[in-house]
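Written below as structure tokens is the structure these notes are about.
Each ligand, and each atom within it, is numbered from 1 in the order the structure gives.
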Amino acid sequence: MHANNEIGTIEPISELSKITKEKGVLLHTDAAMSVGNIPVDAAELDVDMLSMSAHKFYGPKGIGAIYVKKGVRIVPFIHGGIQEDGRRAGADNVPGIVGMGKAAEIAMEELSDRVKKITPLRDKLIKGLTEKIEYVQVNGHLTNRLPGNVNVCIEYIEGEAMLLFLNKEGVAASSGSTCTSKALKASHVLLAIGVSDAAAQGSLLFSLGRDTTEEDIDHVLTVLPPIVERLRAMSPIYNK
Ligand SMILES: *Cc1c(COP(=O)(O)O)cnc(C)c1O
């Protein structure tokens, strides 16, 4: 992955591509989380393939794109017709393609403004959460991180419970990624970076975007601390 979709860390892809190149191995990077959110240059990353998803930059769902370096051949996984130069059979999804193109155009224009607006909001939320709530750990790199990603573990309570109360306050967040949240399993990403199983249950992921305002951040910082206090009061593993 170019940027991790749970903890927001931006990975050193160009360093990795030096190694794969040396060994004669092709490198594909999943840039679904980075394209449209930070500058991405396939040539600079020096990858052979790079994929992206339109809805991560305000385009329609159900459409994505893959960059394939000249000379690299890929085997299609949808076989049949010869659409898209034989890379993907099936009628072209024209509305999706047009929608993604337009969203990419707007993202190009607005990218630096989005980054400038969202990054300080992210940092304000991280700072506020760690100052106002005890036993909070921030997951992922503090600076080498997606502008819109805030991922924390709030210890001694469960993420799902916090989400219910946050939802009542009009705050949409998630606990872990879509991939693990429904299964109520601890995030494999958090476990892989050394977070304990217990702490991983209390993970919260806030995704900030172009429409997030400073008032939104202040609202979260006002409503979350009492929610945490209430849940900890009921928690069998919290006895401070
Ligand atoms: C969202 C996401 C995907 C999935 O893309 P969809 O178009 O939603 O299926 C894959 N990888 C990463 C890193 C993502 O963030």
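For the pair K102 and E105, the salt-bridge criterion is met [side-chain N within less than 4.0 Å of a carboxylate O]. For the pair D46 and K21, the salt-bridge criterion is met [side-chain N within less than 4.0 Å of a carboxylate O]. A salt bridge is defined here as a Lys NZ or Arg NE, NH1 or NH2 lying under 4.0 Å from an Asp or Glu carboxylate O, and K127 with E131 meets this definition.
Assignment of K61 to the shell around ligand 1 is not supported, since no heavy atom sits closer than 4.0 Å.
Under the 6.0 Å distance and 45° angle rule, R232 does not count as a cation-pi partner of Y156.
Close contacts between ligand 1 and D30 involve ligand atoms 10 (C), 11 (N), 12 (C), 13 (C) [criterion: under 4.0 Å to a heavy atom]. Listed by number with element, the atoms of ligand 1 under 4.0 Å from a non-hydrogen atom of H55 are 6 (P), 7 (O), 8 (O).
In this structure, atom 7 (O) of ligand 1 has protein heavy atoms in its sub-4.0 angstrom surroundings.
In terms of protein heavy atoms, atom 14 (C) of ligand 1 is closest to K56 NZ, 3.0 Å.
For the side-chain hydrogen bond (donor to acceptor under 3.5 Å, both in side chains) test with E214, the passing option among K124, H219, K117 is K124; the others fail.
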